[in-house]
2 protein chains.
Amino acid sequence: MLGAAAQSFSLFGYKATTMEQVAKIANVGKGTIYTFFDTKEQLFDEILHGVISEMKTIIEREVDHRKPFFDNLFRVLDSLLEFRGEHELLIKLSQEVRDFGTPQSQEAMSRVEGVILGYMEKEVRFAVEQHEIRECDPSVVAFLMLKMYVALTSEWNKQHQETLTKAEIRQHFRLFLEEGLSVK
Amino acid sequence: MLGAAAQSFSLFGYKATTMEQVAKIANVGKGTIYTFFDTKEQLFDEILHGVISEMKTIIEREVDHRKPFFDNLFRVLDSLLEFRGEHELLIKLSQEVRDFGTPQSQEAMSRVEGVILGYMEKEVRFAVEQHEIRECDPSVVAFLMLKMYVALTSEWNKQHQETLTKAEIRQHFRLFLEEGLSVK
DNA sequence: CTTATGACTGAAATTGAAAATTGGTCAGTT
DNA sequence: AACTGACCAATTTTCAATTTCAGTCATAAG
């Protein structure tokens with residue numbers, strides 16, 4: 001039932017999956033869905049919540065506070081990028097945002113982003129407390145880090161043919177965030 | 001004539017200005033316009049070229065190679081942001097990109113961005129040669145700088161109510177680009 | 001009784017054909 | 001020679017008819 005819905009949302013996006021469709025895949029009548037979920041939106045939220053939980057699990061698995069802050073940061077961002085690239089639902093939803101701007105898919109993607117920002121903010125705050133990085137406003141710094149990461153990993157490719165390698169991305173990230181541009 | 005067109009494009013955007021409209025403002029017949037310009041698009045390009053020239057003038061006026069790289073950078077970016085905020089045409093065009101995605105306005109905005117990137121890339125390259133900043137890939141660094149600047153000056157405000165002050169923006173910019181996050 | 005169902009409903013989206021708009025032309029006017 | 005606006009083809013807009021779909025509920029099944 002939840003599986004059927006997940007399958008349909010992943011295959012067709014939010015807008016293009018119908019409750020009839022979900023019912024057929026789940027082998028139940030349409031009315032039955034409404035004994036478990038109040039609305040299409042609530043059903044969708046349930047699925048999304050699952051995906052977000054997976055993301056949180058990934059984050060927890062990758063973070064190791066015995067390792068340096070930047071190591072953790074790279075590892076988590078790489079894993080999340082890969083996760084996103086593999087998960088049909090997230091791919092479909094970001095297409096839907098681009099092509100139709102469906103409010104529900106926009107909201108979903110911004111919740112996903114919120115989770116990532118939340119993790120990053122927490123880690124930045126922790127690193128500051130550990131005096132591993134300078135004093136700073138964690139929410140602004142997390143926001144900027146994510147923007148930079150997205151700029152390097154996807155926006156660059158839209159205007160330039162040769163995509164940056166993982167090593168180049170990491171190198172630029174380090175140059176900016178860790179060391180700064182000024183000469184020693 | 002060019003003035004009439006500029007006025008109309010600034011007031012209504014690319015899509016919503018008609019050649020009839022321009023002709024009326026300019027007090028000429030529609031046909032007359034076509035003795036000076038081949039198409040609507042070419043007329044528009046002429047106007048845009050003027051705006052871009054103004055931008056280049058601003059850049060040249062603000063850059064002073066006797067001053068430090070980051071001083072120049074801030075001064076130019078601030079001036080350009082202000083210029084953009086005052087120029088009806090650029091405001092209208094970016095609205096049009098957001099609301100309709102008109103190809104001509106998209107192309108126009110990306111040409112404007114290209115000019116800014118071009119300037120930044122040149123300045124980064126110069127600063128590297130002067131050993132004022134580290135060795136780096138000027139095009140990637142310019143790209144990231146602009147992304148960061150836009151993130152701080154406009155994208156932050158979309159998700160957070162309290163806009164960052166000019167001082168905060170400058171401070172974060174410095175933190176990231178100049179000094180880096182790692183403790184000394 | 002409880003649980004499941006699919007025909008049904010009103011609201012919203014889609015379609016398509018007619019009407020209006022508009023970039024560009026050119027025969028005629030000045 | 002310079003200018004003009006009626007005109008044309010193509011695109012865009014309009015809007016009513018049709019279709020789709022989330023959610024309901026009377027009925028059926030267990």
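Every chain is numbered from 1 and lettered A, B, ... according to where its sequence line falls, protein lines coming before strand lines. These values consider heavy atoms only, across backbone and side chains, with no hydrogens, waters or symmetry-generated copies.
Evaluation of the ring pair (Phe, Tyr, Trp, His ring centres under 6.0 Å) test over residues 45-76 of chain A, restricted to residues two or more places apart or in two chains, returns A:H65-A:F126, A:F74-A:F173. Among pairs with a residue in residues 76-92 of chain A, those fulfilling salt bridge (charged side-chain N to carboxylate O under 4.0 Å, His left out) read A:D78-A:R170, at least two apart in sequence or across chains.
Between A:T35 and C:dT3, a side-chain N or O to OP1/OP2 separation shorter than 4.0 Å is absent.
Judged as a salt bridge (charged side-chain N to carboxylate O under 4.0 Å, His left out), and not counting sequence neighbours, the contacts of A:R111 are A:D45. With sequence neighbours excluded, no residue satisfies salt bridge (charged side-chain N to carboxylate O under 4.0 Å, His left out) with A:D137. In this structure, the salt bridge (charged side-chain N to carboxylate O under 4.0 Å, His left out) partners of A:E121, at least two apart in sequence or on a different chain, are A:R125. Listed by chain and residue number, nothing satisfies the salt bridge (charged side-chain N to carboxylate O under 4.0 Å, His left out) test with B:E168 (two or more places apart in sequence, or in another chain).
A:L11 belongs to a hydrophobic cluster whose remaining members, ordered by chain and number, are A:F12; membership requires side-chain heavy atoms of ILVMFWY residues under 4.5 Å apart, directly or through intermediates.
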Could you write out each protein N or O paired with an N or O of nucleotides 19-24 of chain C at a distance under 3.5 Å?
unit_1	atom_1	unit_2	atom_2	d
C:dG23	OP1	B:T17	O	3.4
C:dG23	OP1	B:K40	NZ	3.1
C:dG23	OP2	B:M19	N	2.7
C:dG23	N7	B:K30	NZ	3.3
C:dG24	OP2	B:Y34	OH	3.2
C:dG24	OP2	B:K40	N	2.5
C:dG24	N7	B:K30	NZ	3.1
C:dG24	O6	B:K30	NZ	2.2

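If you measure from atom CZ of A:F36 to atom C1' of C:dT5, you get 13 Å, rounded to the nearest angstrom. Summarising the geometry, the separation between CD1 on A:I33 and P on D:dT24 is reported as 13 Å, rounded to the nearest angstrom. Atom CZ in A:F37 sits about 15 Å away from atom P in D:dT24, given to the nearest Å.
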**Complete:** Quick tally for nucleotides 25-30 of chain D: nucleotides whose base has a protein heavy atom under 4.0 Å get B, sugar-phosphate-only ones S, the rest -, giving ------
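Salt-bridge formation is detected for the pair B:K147/A:E155: a Lys NZ or Arg NE/NH1/NH2 atom is positioned less than 4.0 Å from an Asp or Glu carboxylate oxygen.
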